[in-house]
2 protein chains.
Amino acid sequence: MKVVPDPENQDATRNQLLEAAGEVFAEVGFRNATVRAICQRAGANIAAINYHFGDKETLYIEVLRYAHGKALEKHPLLLDVPETAAPEKKLRAFIHSLLLRVFEKGSHSWHGRLMSREMIEPTVALDALIEERIRPTHTALATIISEILKRPASDDCVILCVSSVFSQCVFYNHCRPAVVKLFPKLVPHDAASIENLAAHITKFSLAAMKDFSANIK
Amino acid sequence: MKVVPDPENQDATRNQLLEAAGEVFAEVGFRNATVRAICQRAGANIAAINYHFGDKETLYIEVLRYAHGKALEKHPLLLDVPETAAPEKKLRAFIHSLLLRVFEKGSHSWHGRLMSREMIEPTVALDALIEERIRPTHTALATIISEILKRPASDDCVILCVSSVFSQCVFYNHCRPAVVKLFPKLVPHDAASIENLAAHITKFSLAAMKDFSANIK
DNA sequence: TGACAATTAAAACAATTGTTTGAATTATGT
DNA sequence: ACATAATTCAAACAATTGTTTTAATTGTCA
């Protein structure tokens, strides 16, 4: 029987495989990633993936789930903002948190790229990713914007503004190579510049929506 | 010696390879695309790619160049707007043209996806793509926004707004699977709905920037 | 027509892929 | 300490990859 003596070192190779696979998948994509490269980076044997996960595809699905949990655990949807705060403050916190995930520098900087790849080259893991991760994020943003525009969250106008705000944040995830090449100084490099970018997107969007709620009859 | 009797049917297989390769590369990416699948779709022999292009990578570079030319030929940067028009009208025309390329339905609908892939998984073709295609596009947009904000095109504020506008358009290129799944009715399906989306992005951005130019000292 | 270049065709090549196998090793419970 | 389950390991497997080769076919000009 399996006993659980030390949950820390439990399944050590399994966790190392998840970490290594996350990096490799983010670097070269699912199909281009070789199990040999992953196992080598994890310091494991070639057969380790099939033993612990069954096959390469199951490993990929588990990696997405793993990265998902780690990312939201580190940067919750809203940072330090009470539920009763003004929607404008919530919007700023939401944008800031999303940008922190986009520009994550730590050992899990690969999880953003992993999501971008899943958009461009969907796999069987996409549906779960959308339902478990992206939809809750959009719902949270839609709630905030619904308050700002004073219209129901299902309103076309709210949905369009959600996309407008969201797109400005994930833009740096999907077009990083171009942004780095065209506007190097636009790419945040530390916490302060991430906050600056969050300030711009917040200001830009609030100004746009202020005009919206004023002009719409 | 090679003679050129009929420039239409000249290099027929070569063109068929370019078209077929464009579709396949857009569908599954460079590494996942097999020369067998491309040649089969082009109705050519397995060895045709190596004969006409040398190798698979050269074919890919040629495909990007080919798609680039076709796309801008069909949808110029500015649609039916004179050089002397108001910058607000130019902005609307620019956004509309960009969205037309993003939602292109014709036989070259794959070229947008090809660009998205190049961002996520850069190849040797990326630098040329940025310099020959993306930089001119951004420069055109920066000129328009520079007029609207009445600030030099090199101003940080202008650059940030260029990104804000641009991101709202290409968002539908990079996150199509999620948008289709989360807000199906948001995805334009004909010329009229593309124009509606262009109207929203234009209105959203103009409202934001109007506030910008008013508040910045 | 006949010689020669251009193109197409089928087959085979070497390299790499994910996966499986079966033995060796380690850890665990009594 | 022993028996048993869990895990690791090296080797090999079958399938697929881009490319090359060599012959057949087509087209072109003298």
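Just so we're on the same page: letters track the sequence lines, and every chain starts at 1. The basis for the numbers below is simple: all heavy atoms, side chains too, and nothing from hydrogens, waters or symmetry mates.
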Colleague: For B/Ala26, give me all partners under side chain to side chain contact (heavy atoms under 4.5 Å, CB included), at least two apart in sequence or on another chain.
Modeller: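 Checked B/Ala26 against side chain to side chain contact (heavy atoms under 4.5 Å, CB included); matches are B/Trp110, B/Arg113, B/Leu114.
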Colleague: Residues of residues 46-57 of chain B with any non-hydrogen atom less than 4.0 angstrom from an atom of DNA chain D: list those, numerically ordered, please.
Modeller: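 Hits under 4.0 Å, by residue number: B/Ile46, B/Ala47, B/Asn50, B/Asp55, B/Lys56.
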Colleague: Hey, are B/Glu121 and B/Arg31 close enough for a salt bridge, meaning a charged N less than 4.0 Å from a carboxylate O?
Modeller: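 No, B/Glu121 and B/Arg31 are not salt-bridged.
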Colleague: Examine C/dT16: is either OP1 or OP2 under 4.0 Å from a nitrogen or oxygen in the side chain of A/Thr34? Give yes or no.
Modeller: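 Result: no.
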Colleague: Going by atom type alone, with no hydrogens or angles, which donor-acceptor pairs under 3.5 Å involve a side-chain atom of residues 36-43 of chain B and a protein atom two or more places apart or on another chain?
Modeller:
from    : atom 1 : to      : atom 2 : distance (Å)
B/Arg41 : NH1    : B/Glu23 : OE1    : 3.0
B/Arg41 : NH1    : B/Glu27 : OE2    : 3.2
B/Arg41 : NH2    : B/Glu27 : OE1    : 3.3

Colleague: Tell me the interatomic distance from A/Asp11, atom CG, to D/dT8, atom P, rounded to whole angstroms.
Modeller: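 Rounding to the nearest Å, CG of A/Asp11 and P of D/dT8 are 9 Å apart.
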Colleague: Would you indicate what B/Ala37 reaches in the nucleic acid, counting non-hydrogen atoms under 4.0 angstrom: base, sugar-phosphate, or nothing?
Modeller: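 No contact at all - B/Ala37 keeps every heavy atom at 4.0 Å or more from the nucleic acid.
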Colleague: Check the distance between C/dT16's P and A/Asn32's CG and give it to me in whole angstrom.
Modeller: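 These atoms are roughly 15 Å apart.
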Colleague: Which whole-number value in Å describes the distance from B/Ile38 CD1 to D/dT19 P?
Modeller: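 These atoms are roughly 10 Å apart.
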Colleague: Will you find, in the side chains of B/Asp55 and B/Thr58, an N or O donor that is under 3.5 Å from an N or O acceptor?
Modeller: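 Checked: B/Asp55/B/Thr58 side chains pair up, N/O donor to acceptor below 3.5 Å.
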Colleague: Could you tell me whether the side chain of A/Lys56 reaches within less than 4.5 Å of the side chain of A/Phe30, counting heavy atoms only?
Modeller: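 They are in side-chain contact.
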Colleague: Just how far, in rounded Å, is P of D/dA11 from CZ of A/Arg36?
Modeller: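 Going from CZ in A/Arg36 over to P in D/dA11 covers 13 Å.
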Colleague: Using whole Å, report how far CG of B/Leu17 lies from C1' of C/dA9.
Modeller: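 Rounded to the whole Å, the gap is 14 Å.
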Colleague: What is the separation between atom CD on A/Gln40 and atom P on C/dG18, rounded to the nearest whole Å?
Modeller: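 Taking CD of A/Gln40 and P of C/dG18, I get 13 Å after rounding.
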Colleague: Take A/Arg31 and A/Asn45, find for each the nucleotide of DNA chain D with the closest heavy atom, and name the residue whose nucleotide sits nearer the 5' end.
Modeller: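 Its nearest nucleotide being more 5', the pick is A/Asn45.
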Colleague: Between A/Ser205 (side chain only) and A/Thr202 (backbone N and O only), is there a donor and an acceptor less than 3.5 Å apart?
Modeller: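 No, the answer is negative, given that no donor and acceptor are paired below the 3.5 Å cut-off.
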Colleague: Has A/Thr13 got a side-chain N or O lying under 4.0 Å from the OP1 or OP2 atom of D/dT8?
Modeller: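 Looking at the OP1 and OP2 atoms of D/dT8, one of them is under 4.0 Å from a side-chain N or O of A/Thr13.
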